[in-house]
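Remarks on the structure that follows.
Chain identifiers are assigned alphabetically (A, B, ...) following the order of the sequence lines, protein sequences preceding nucleic acid strands; residue numbering begins at 1 within each chain.
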2 protein chains.
Amino acid sequence: MATKTAIQAVKGTRDFYPEAMAFRNWLYGKIRAISERFGYQEYEAPILERLELYAAKSGEELVKEQSFVLKDRGGDELALRPELTPSLARMIAQRQASLVLPVRWYSFGPFWRYERPQRGRTREFFQWNIDLLGSDSPTADGEIVSIGAEFLRSVGLTPDEVVIRLNSRRLMEQKLAEIGIGAEQRLEVFHLIDRRDRMPPDKWQAWALEMGLSAGQLDALTALLGDSELWRESEELQQVFATAEALGVADYLTYDASIVRGLDYYTGPVFEAYDRGRTLRAIFGGGRYDNLVADVGGDRIPGVGFAMGDVIIELLLERVGKRPKLPTTPSRALVTLFSADLYGQTLALAASLRRAGINVEQYLEPERLSKQVRYADRKGIPWVVILGPDEVAAGRVVLKELASGEQRSCTPAEAIELLKAGQVEHASSPV
Amino acid sequence: MATKTAIQAVKGTRDFYPEAMAFRNWLYGKIRAISERFGYQEYEAPILERLELYAAKSGEELVKEQSFVLKDRGGDELALRPELTPSLARMIAQRQASLVLPVRWYSFGPFWRYERPQRGRTREFFQWNIDLLGSDSPTADGEIVSIGAEFLRSVGLTPDEVVIRLNSRRLMEQKLAEIGIGAEQRLEVFHLIDRRDRMPPDKWQAWALEMGLSAGQLDALTALLGDSELWRESEELQQVFATAEALGVADYLTYDASIVRGLDYYTGPVFEAYDRGRTLRAIFGGGRYDNLVADVGGDRIPGVGFAMGDVIIELLLERVGKRPKLPTTPSRALVTLFSADLYGQTLALAASLRRAGINVEQYLEPERLSKQVRYADRKGIPWVVILGPDEVAAGRVVLKELASGEQRSCTPAEAIELLKAGQVEHASSPV
């Protein structure tokens with residue numbers, strides 16, 4: 001720790017030291033692999049957007065209570081994006097004349113919400129977004145939900161550990177209407193339902209009565225939320241389940257009438273993934289939003305998608321012992337520096353190893369060899385390369401493997417072969 | 001274009017549609033490959049930092065004139081990071097007791113500067129940062145400069161097209177002292193030198209006289225800035241050039257006494273890369289900053305590094321005809337939907353192709369086959385898979401290659417083999 005007064009990081013942000021970054025990259029890799037397996041193209045929206053983009057439809061809590069807002073020098077109110085879907089809708093609306101629909105897009109990037117920092121919740125977080133726009137078919141919803149399930153499978157989570165809870169706002173609207181809750185109260189009641197698990201039951205009931213529900217309506221609503229057979233009344237949900245079945249992931253899905261999601265723009269199927277014991281917040285959540293593109297100025301282009309933050313999934317993987325151990329250094333070998341007069345030859349050797357595709361780090365000072373080897377060991381670099389005057393004279397190098405302590409003299413070509421054989425690309429190039 | 005009034009993107013931000021994202025990913029891939037070839041670990045700092053972090057040492061222009069600033073709800077002033085080095089220094093200071101020095105780190109992420117948007121300049125941009133901390137050796141500077149050169153080579157730019165211009169602030173301080181410019185005026189004169197190419201000569205001279213330089217000093221300074229042999233007086237610069245020579249990239253480097261960089265924290269060698277004709281702003285720039293970690297509250301840990309934005313390099317590659325043509329869809333095949341009654345079998349076939357590692361997209365509606373094929377063609381998907389009732393009965397599928405128009409009937413296993421053979425991972429997973 002610094003002894004002087006150090007400037008602190010902003011509350012709710014994270015420093016990604018290499019070990020944390022390695023996890024983020026691993027997660028991003030899984031996300032890319034699954035998204036692209038289903039043919040989704042990667043895209044990205046700006047991180048700054050006009051506040052009005054969210055004001056349109058995201059819902060009051062997210063916009064007013066949770067956004068990081070700043071003023072442009074022109075006086076416009078901007079927000080650090082709290083979610084991606086409105087930006088996506090804006091981008092689709094902008095190119096609606098030229099895009100070939102449906103569009104399948106995914107993205108992984110940073111977001112901000114002004115929340116109380118706590119375990120499993122940060123103010124600056126990363127989120128995977130994946131969306132399919134331009135199709136009304138429930139098969140599209142089924143595909144999106146199945147991508148979520150395949151992702152869970154790809155990180156090693158089984159249906160015994162996680163579950164995707166599915167419902168439909170369309171179905172719920174119909175059921176709410178049946179108990180006398182009309183269109184004008186619908187959003188408010190969806191918020192009520194969405195918050196049930198995050199409030200003490202008595203407070204929740206008081207809130208329900210406050211917003212004008214009768215005791216009878218409250219009873220009916222409570223019964224509704226526990227009805228696990230409701231989905232049979234929805235042809236749409238039947239098709240979503242059938243799609244997941246055909247895609248081989250039905251065991252990750254269940255029906256849950258209490259899932260309605262908090263954002264205002266959802267219009268059809270909605271879903272959230274949880275750990276089985278529901279000890280954590282949702283792993284991901286999403287649903288169908290058929291009016292959002294029109295809401296931001298475009299034509300009516302229906303969409304369905306979900307978002308997953310990087311915090312809960314990491315917590316869960318840790319908890320179930322499935323967070324991978326990842327290498328943090330890309331270096332395959334440390335090229336040591338025997339003496340100052342060998343700088344030129346040593347750097348040239350390192351360059352030739354690199355040109356052969358091997359990741360090597362150069363020790364910069366002609367210090368004691370034992371100190372240099374200890375440096376490699378502490379950094380987790382598996383091999384050291386030694387070039388002394390004898391090696392230079394003989395046109396050879398010495399290779400030492402730290403794990404075994406084994407040491408051998410070989411030609412540079414043999415060294416390349418040996419080092420290359422075991423190199424795992426820590427972070428391979430995306431093309 | 002939308003016919004209704006659409007919500008606009010924020011000025012100076014970019015929407016990364018898939019084709020733009022493919023370039024960003026290609027660039028990131030090159031950056032990763034070169035950084036890791038030299039053993040650098042990937043890290044990332046928060047995007048929001050306290051304003052005071054920059055106030056410390058970045059220089060007035062960057063902090064007061066160019067930062068996007070917002071107030072925390074606690075009243076603290078925060079900035080959208082305009083650069084990464086201060087965050088890096090903060091992170092190093094925070095862990096100085098446990099980090100094994102030297103540290104070699106790189107990063108690629110978004111930054112913001114409030115500048116007038118124009119070609120080659122956006123307000124939201126991406127930047128590669130690469131730094132080596134914990135070494136005073138000029139070999140470290142030489143390594144960093146050589147990484148820049150290797151990057152330029154890796155994207156296909158030759159020494160005929162680009163050049164890295166190198167100088168040393170230490171050397172310039174000494175030369176400025178010799179013409180009577182003392183420590184108290186040094187930073188101001190560095191700013192003057194840094195802006196020479198961006199101002200009309202008469203205005204630049206007027207500014208110099210305004211800050212108190214005599215006509216004689218101005219003449220001496222002008223002569224100094226054109227002296228291409230100055231580097232011979234600097235042992236440090238000689239070592240940097242020798243390192244680049246040993247690493248095989250000396251042909252990318254030249255000495256330029258007019259390079260001093262605009263940021264206040266540089267203390268030693270500094271450099272900037274340009275296109276040969278210098279028709280564009282710098283491709284990248286950096287240098288040695290030996291006091292920054294101490295300035296943000298840590299011990300004295302010297303550092304050297306550079307930053308490269310994503311905008312100028314793309315412009316330059318376009319200009320010289322070396323911007324790569326990249327695939328924008330990861331899909332290897334489109335699985336068509338022959339008829340509604342084959343939904344189940346078709347989705348299951350797509351799932352089996354995906355499990356075999358093939359990226360496939362599913363057509364969602366049982367529309368005319370010609371329409372489905374046309375969709376694949378417009379999206380750039382090379383193959384279509386057809387599963388009609390005859391194929392289901394025979395346990396076969398039909399594969400059609402769009403480029404050749406060739407069509408063949410085969411078993412699912414043969415289809416997998418055929419599709420897999422030509423699949424180029426569009427964006428491979430980083431582990």
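Comparing B/Tyr375, B/Phe68, B/Tyr363 by heavy-atom pairs within less than 4.5 Å of chain A, the highest count is held by B/Tyr375. In terms of heavy-atom pairs under 4.5 angstrom with chain B, the leader among A/Arg123, A/Glu150, A/Lys71 is A/Glu150. In terms of heavy-atom pairs under 4.5 Å with chain A, the best-connected choice from B/Thr13, B/Ile47, B/Ile31 is B/Ile47. Your options are A/Gln345, A/Arg354, A/Met21, A/Glu245, and the one with the most heavy-atom pairs under 4.5 Å with chain B is A/Arg354. Across A/Ile381, A/Leu80, A/Leu132, A/Leu353, the residue that shares the most heavy-atom pairs under 4.5 angstrom with chain B is A/Leu80. Put simply, of A/Leu101, A/Leu48, A/Leu349, the one with the most heavy-atom pairs under 4.5 Å next to chain B is A/Leu48. Options B/Leu78, B/Val103, B/Leu70 differ in how many heavy-atom pairs under 4.5 Å they form with chain A, and the most are formed by B/Leu70. Of the listed residues (B/Pro102, B/Ala350, B/Ser98, B/Gly344), the greatest number of heavy-atom pairs within a distance under 4.5 Å of chain A belongs to B/Pro102. The choice from B/Arg104, B/Lys11, B/Arg378 that makes the most heavy-atom pairs within less than 4.5 Å of chain A is B/Arg104. Ranked by heavy-atom pairs under 4.5 Å with chain B, the first of A/Gly39, A/Pro46, A/Ala45 is A/Pro46.
Proximity to chain A is absent for every atom of B/Ala242, based on heavy atoms less than 4.5 angstrom apart. When heavy atoms are compared at a cutoff of 4.5 Å, A/Pro110 approaches chain B solely by way of its side chain, counted from C-beta outward. In this structure, the portion of A/Glu124 lying under 4.5 Å from any heavy atom of chain B is its side chain and not its backbone. Contacts between A/Leu334 and chain B at a heavy-atom distance below 4.5 Å are absent for every atom of the residue. For A/Gln362, the parts lying under 4.5 angstrom from a heavy atom of chain B are both the backbone and the side chain. At a 4.5 Å heavy-atom cutoff, the contact between A/Arg153 and chain B is made by side-chain atoms alone. Contact of B/Thr243 with chain A is made through backbone and side chain together, with heavy-atom distances under 4.5 Å. Contacts of B/Ser137 with chain A are made by both backbone and side-chain atoms, with heavy-atom separations under 4.5 Å. Heavy atoms of A/Glu143 lying under 4.5 Å from chain B belong exclusively to its side chain. Proximity to chain B is limited to the backbone of A/Arg14, based on heavy atoms less than 4.5 angstrom apart. Looking at A/Pro324, there are no atoms closer than 4.5 Å to chain B (heavy atoms on both sides), in backbone or side chain. At a 4.5 Å heavy-atom cutoff, the contact between B/Val69 and chain A is made by backbone atoms alone.
For the atom pair B/Leu347 CG and A/Leu247 CG, the distance stands at 5.0 Å (nearest 0.5 Å). Going from atom CD of A/Gln239 over to atom OH of B/Tyr343 covers 6.5 Å, rounded to the nearest 0.5 Å.
In this structure, the side chain of A/Tyr114 engages the main chain of B/Arg73 through a donor-acceptor pair within 3.5 Å. Judged purely by atom type and a 3.5 angstrom limit, A/Arg37 uses its side chain to pair as donor or acceptor with the backbone of B/Gly357. Listed for the A/Gln41 side chain is a donor-acceptor partner under 3.5 Å among the backbone atoms of B/Thr328. Between the side chain of B/Tyr17 and the backbone N or O of A/Tyr43, no donor-acceptor pair lies under 3.5 Å.
Between A/Glu19 and B/Arg95, at least one side-chain nitrogen of the basic residue sits less than 4.0 Å from a carboxylate oxygen of the acidic one, meeting the salt-bridge criterion. The existence of a salt bridge linking A/Asp15 and B/Arg90 is confirmed by a sub-4.0 Å separation between a basic side-chain nitrogen and an acidic carboxylate oxygen.
Taking 4.5 Å as the limit, every side-chain heavy atom of B/Tyr40 sits out of range of all side-chain heavy atoms of A/Pro330.
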- Evaluation steps, side chain to side chain contact (heavy atoms under 4.5 Å, CB included), between B/Gln8 and A/Asp76: CA-CA 12 Å; B/Gln8 298 297 309; A/Asp76 289 333; over 6 Å; no
- Query: A/Arg32 and B/Asn25: side chain to side chain contact (heavy atoms under 4.5 Å, CB included), yes or no, with the steps?
  - Reply: CA-CA 12 Å; A/Arg32 294 189 108 155; B/Asn25 272 333; 2.8 Å; yes
- Quick one: do A/Phe38 and B/Glu361 satisfy side chain to side chain contact (heavy atoms under 4.5 Å, CB included)? Show the steps, please. CA-CA 5 Å; A/Phe38 282 79; B/Glu361 198 169 329; over 6 Å; no
- Item | Test log, rule side chain to side chain contact (heavy atoms under 4.5 Å, CB included), inputs B/Thr139 and A/Glu365 | CA-CA 9 Å; B/Thr139 308; A/Glu365 303 289 344; over 6 Å; no
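Nearest heavy-atom pair across B/Val249 and A/Arg355 is CG1-NH2, 4.2 Å. Closest of all the heavy-atom pairs between B/Leu364 and A/Ser135 is CD1-OG, 3.6 Å.
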